[in-house]
Amino acid sequence: MSDQACESCLQKGTCNSTPETCGLPPKSEKGRIRRIVAVGSGKGGVGKSSVSALLAIGLARKGLKVGVLDADITGPSIPKLLGVRSLPEGSPLGIVPPKSPSLGISVMSINLLLDDVTKPVVWRGPIIGNTVKQFYEEVFWGELDTLVVDLPPGTSDAPLTVMQSLPLDGMVIVTSPQELANMVVEKAMNMAKMMDIPILGLVENMAYAVCPHCGERWDLFGPSRVDRLSEKWSVAKLASLPMDAFISRLGDKGRLEEYDNPDILDPLGEAFCAVEDNISA
């Protein structure tokens with residue numbers, strides 16, 4: 001809606017909406033979910049899904065009840081990472097999402113509904129947006145401490161639907177050291193600001209690699225820029241994660257829940273606490 005349209009609106013002067021959000025339906029209720037956190041970036045290839053899965057794993061290991069809503073309809077990967085292969089089941093209360101084999105993380109993803117996971121989902125934006133909304137409203141998540149929403153790249157239909165329709169407590173931003181990545185990531189941060197979604201913190205993924213023989217640190221994608229981004233936006237840096245081949249190996253086997261590298265999990269453990277503190281505040 002344009003500013004000109006606002007001039008002729010009957011609610012002008014009494015409406016708190018921006019032109020971008022005017023006329024939208026109210027957000028869904030949380031029900032029995034204590035907090036909902038989106039993980040996004042705007043940039044593809046920075047490891048949003050891996051960070052989403054590791055966040056869920058870390059929270060589940062702390063004894064919390066966790067679910068992951070895979071909002072990346074055209075490029076879903078959460079079921080593969082967490083080894084979830086069962087079909088969702090129907091019930092009078094809604095669709096019951098299957099759980100991961102080890103930690104019991106509830107997962108809902110379009111890949112769980114396809115007879116062949118390699119088939120593309122060739123849908124236009126409105127259908128994708130409606131599907132994301134259905135995954136929240138028509139799925140019986142039960143009692144959850146945290147629902148992690150894995151966002152797709154970009155700032156269009158699917159991320160917009162999540163920010164407009166779901167009662168998010170905040171968003172964790174994933175970036176990587178490249179200047180190009182940071183430029184696109186700031187688009188997502190500006191989008192979150194436009195939609196009044198709190199940015200809970202930054203996770204810099206693939207920040208460096210460590211030589212397995214000598215222990216030397218390699219900055220494969222250049223020097224870290226997360227501190228500069230954190231200062232510019234007055235947002236906390238939650239973690240700076242190294243590259244680790246075991247993540248991809250376990251993820252390919254659907255056994256990411258077995259991952260136990262303290263160089264990854266310990267910083268993320270601190271990030272979990274920071275996220276919870278920010279949400280509580």
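When reading the values below, keep in mind they use all heavy atoms of this one structure, side chains included, and skip hydrogens, waters and symmetry mates.
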### Query
CD/Glu186 to OG1/Thr175 distance, rounded to the nearest 0.5 angstrom?
9.0 Å

### Query
Which is it for Tyr136 and Leu147 under the side chain to side chain contact (heavy atoms under 4.5 Å, CB included) test, yes or no, and what are the steps along the way?
CA-CA 10 Å; Tyr136 177 71; Leu147 178 63; 3.9 Å; yes

### Message
Between Lys80 (side chain only) and Gly251 (backbone N and O only), is there a donor and an acceptor less than 3.5 Å apart?
### Response
no

### Message
On a heavy-atom basis, which atom in Pro76 and which in Asn111 lie closest, and how many Å separate them?
### Response
CG-OD1, 3.3 Å

### Message
Does any part of the side chain of Phe140, heavy atoms only, come nearer than 4.5 Å to the side chain of Arg32, both counted from C-beta?
### Response
yes

### Message
So Val149 and Leu166, do their side chains get closer than 4.5 Å, heavy atoms only?
### Response
yes

### Query
Going only through I, L, V, M, F, W and Y residues with side-chain contacts under 4.5 Å, is there a path from Val184 to Met206?
no

### Task
State, yes or no, whether a side-chain contact exists between Ile73 and Pro152 at a heavy-atom distance under 4.5 Å.
no

### Task
Identify the heavy atoms of Pro153 and Pro159 that sit nearest to each other, and give their distance.
O-CG, 4.4 Å

### Query
Do side-chain atoms of Arg61 reach the backbone of Glu257 as a donor and acceptor pair under 3.5 angstrom?
yes

#### Entry: Atom pair OG (Ser102) and CD1 (Ile57), whose distance is rounded to the nearest 0.5 Å
9.0 Å

#### Entry: Flag if over 12 foreign heavy atoms under 6.0 Å of CD, Glu179
yes

### Approximate separation, where rounding is to 0.5 Å, of Gln178 CD and Arg225 CZ
8.0 Å

### Query
So, Ser49 side chain and Ile78 main chain: donor-acceptor pair closer than 3.5 Å or not?
no

### Message
Can you pull out every side chain to side chain donor-acceptor pair (under 3.5 Å) where at least one residue sits in residues 152-162? Sequence neighbours excluded, please.
### Response
none

### Task
Flag yes if Leu55 and Leu103 sit in one hydrophobic cluster, no otherwise; membership is Ile, Leu, Val, Met, Phe, Trp, Tyr, and two members link when side-chain heavy atoms are under 4.5 Å apart.
yes

### Task
Carefully, step by step, assess Val84 and Met108 under the rule side chain to side chain contact (heavy atoms under 4.5 Å, CB included).
CA-CA 9 Å; Val84 178; Met108 188 62 202; over 6 Å; no

### Query
Which atom names give the shortest non-hydrogen contact between Leu168 and Met163, and what distance separates them?
CD1-CA, 4.2 Å

### Message
Whether Lys237 and Asp227 form a salt bridge (side-chain N of Lys/Arg under 4.0 Å from carboxylate O of Asp/Glu) is what I want to check.
### Response
yes

### Task
Flag the pair Met189 / Leu202 as yes when at least one side-chain heavy-atom distance between them is below 4.5 Å, and no otherwise.
yes

#### Entry: Co-membership, hydrophobic cluster, residues Leu81 and Phe246, 4.5 Å side-chain
yes

### Query
Counting N and O atoms only, with roles assigned by atom type, does the side chain of Asp169 sit under 3.5 Å from a partner on the main chain of Ile36, one being a donor and the other an acceptor?
yes

### Task
Following the transitive rule for hydrophobic clusters with a side-chain heavy-atom cut-off under 4.5 Å over Ile, Leu, Val, Met, Phe, Trp and Tyr, establish whether Leu114 and Ile128 coincide in one cluster.
yes

### Task
Please lay out, stage by stage, how Ile247 and Leu256 fare under the test side chain to side chain contact (heavy atoms under 4.5 Å, CB included).
CA-CA 7 Å; Ile247 290 179; Leu256 192 58; 4.1 Å; yes

#### Entry: Co-membership, hydrophobic cluster, residues Val162 and Met195, 4.5 Å side-chain
yes

### Message
I need the minimum non-hydrogen distance between Ala207 and Asp219, along with the two atoms involved.
### Response
O-OD1, 4.0 Å

### Query
In this structure, which one of Val139, Leu112, Val107, Ile105 forms a side-chain contact (heavy atoms from CB on, under 4.5 Å) with Pro97?
Val139

### Message
Keeping Lys48 on the side-chain end and Lys43 on the backbone end, is there a donor-acceptor pair under 3.5 Å?
### Response
yes

### Task
Would you check if Asp70 and Asp150 make a side-chain contact, meaning some heavy-atom pair closer than 4.5 Å?
yes

### Query
Considering all heavy atoms of both residues, which atom of Glu204 and which atom of Ser224 are nearest to each other, and what is their separation?
OE1-OG, 2.8 Å

### Message
Let's go through Leu54 and Ile264 carefully: what are the C-alpha distance in whole Å and the side-chain angles of both, what is the deciding distance for side chain to side chain contact (heavy atoms under 4.5 Å, CB included) to 0.1 Å, and is it a yes or a no?
### Response
CA-CA 9 Å; Leu54 290 170; Ile264 298 287; 3.9 Å; yes

### Message
Main chain of Val235, side chain of Ser230: is a donor-acceptor contact present, judged purely on distance under 3.5 Å?
### Response
yes

### Query
Shortest non-hydrogen contact from Ile110 to Phe135?
N-CE2, 3.6 Å

### Query
Could Lys253 and Glu258 be called an ion pair, given the rule that one side-chain N must be under 4.0 Å from one carboxylate O?
no

### Message
I'd like to know whether NZ of Lys187 has more than 12 heavy-atom contacts from other residues, nucleotides or ligands below 6.0 angstrom.
### Response
no

#### Entry: OG-CG distance between Ser106 and Leu69, expressed to the nearest 0.5 angstrom
11.0 Å

### Message
Contact between Ile173 and Trp233 at the side-chain level, heavy atoms closer than 4.5 Å - yes or no?
### Response
no

### Summary
Output for pair (Asn261 CG, Leu250 CG), nearest 0.5 Å, gives 10.5 Å

### Message
For the backbone of Ile95 and the side chain of Ser91, can you confirm whether one donor and one acceptor N or O come within less than 3.5 Å of each other?
### Response
no

### Task
Working to the nearest 0.5 Å, report the span between CG of Leu151 and OG of Ser52.
7.5 Å

